[in-house]
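Read the structure below first, then the notes.
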Amino acid sequence: MAAKILSGRQIADAIKAEIAGEVRELRTAKNIIPALTAVRVGDDAASAVYVANKVSTCEELGIISEHRHLPTQTSELQLLDIVNELNRAPDIDGILVQLPLPKHIDEARILDAIDPNKDVDGFHPINVGRLSQGRQSLVPCTPAGVIQILKRSGVEIAGKNAAVIGRSNIVGKPMAALLLQENATVTICHSRTHELSSITSKADIIVAAIGRPGFVTADHIREGAVVIDVGINSVSDPTRLSEFFEGDELEKRLTAIEKRGATLVGDVCHKDAMNKAGVFTPVPGGVGLLTIAMLMRNTVDAAKARRDI
Ligand code: GUN
């Protein structure tokens, strides 16, 4: 039987509607309007799209937003000055420095400088530590979105075997911490893991976040497993598409490459997941949509926590 597709859009829309209601209530009852500043350095094309989407979602939900776009040659000290200014600004609730930063800037130094209570990405070591101890914290948006997809789709997490493929600070590590907090038995797999498929094929839940198109294939997936695909890879070579897709989906993707020059492919082989998984999040249309919704969640949570609400 074909896997059931979990729609990220429906879940993201539901979360955004809840947040918009909360923002309205904060404004009318307490005269508070949450505010987010996104800082982008340089001209990375993907970052430009991501930040534009973040800012427009703020507008949609009634959150104040500011996009500070700085030139590539901005120095580390100049960026630190801006972060410190935003830390001090009483009317700014959330600060987001879009990654990657230009190579001459030490990413860790910048992220460490953000006030942990305004750190809506959840990347500051204080928030990472809080998450690791299971305490209240601002949590990285993509893994927080995965938990929302699982919970709101009725997937049971407690007691299940979960395999996280990838160990990045943005997805893999916080994903493992959140699944553990939900009482899953968690294994983190990565590029040096031996016999990866023998581990993932025992998992009830697989979260793939390794940045390699179609890496997770049938032999990695247990029949009926829940497969969450966090990968977003742009593929422009039409001859590769039959590795990942079949039938109507293959036709759709070939047309996309013809029209737009590329198509987005996740870290999971779409056709294998459709044939073997029980439920599956597609790319695009899956986890990606939740990331921004959870950023909005964090911004409102930060605005409330800063005022002890
Ligand atoms: N670059 C890719 N993903 C992210 C993210 O979630 N936050 C930030 N700040 N940069 C990113």
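Index from 1, following the sequence. Order of appearance sets the numbers: ligands from 1, and atoms from 1 within every ligand.
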Ion pair Glu66/Arg68, N-O distance below 4.0 Å: yes
When the aromatic ring centroids of Phe244 and His270 are compared, is their separation below 6.0 Å? no
Output all residues satisfying side chain to side chain contact (heavy atoms under 4.5 Å, CB included) with Val51, sequence neighbours left out; order by chain, then residue number. Ala38, Arg40, Val55, His67, Gln98
Would you check whether Leu99 has a nitrogen or oxygen atom less than 3.5 angstrom from a nitrogen or oxygen atom of ligand 1? yes
Do ligand 1 and Val97 have nitrogen or oxygen atoms that lie under 3.5 Å from each other? yes
Distance to 0.1 Å, residue and atom name: give those for the protein heavy atom nearest to [atom].
atom	answer
atom 3 (N) of ligand 1	Ile170 CD1, 4.3 Å
atom 9 (N) of ligand 1	Asp121 OD2, 2.6 Å
atom 11 (C) of ligand 1	Gln98 NE2, 3.4 Å

When hydrophobic residues are tied together by side-chain contacts of less than 4.5 Å, even through go-betweens, does Leu289 share a cluster with Ile63? no
Indicate, as side chain, backbone, both or neither, the part of Tyr50 found under 4.0 angstrom from ligand 1 when only non-hydrogen atoms are considered. neither
Please list every donor-acceptor pair under 3.5 Å in which a side-chain atom of residues 175-190 meets a protein atom from a residue at least two apart or in another chain.
from	atom 1	to	atom 2	distance (Å)
Glu182	OE1	Lys151	NZ	3.4
Glu182	OE2	Lys151	NZ	3.0
His190	ND1	Arg167	NH2	3.3
His190	ND1	Arg192	N	3.2

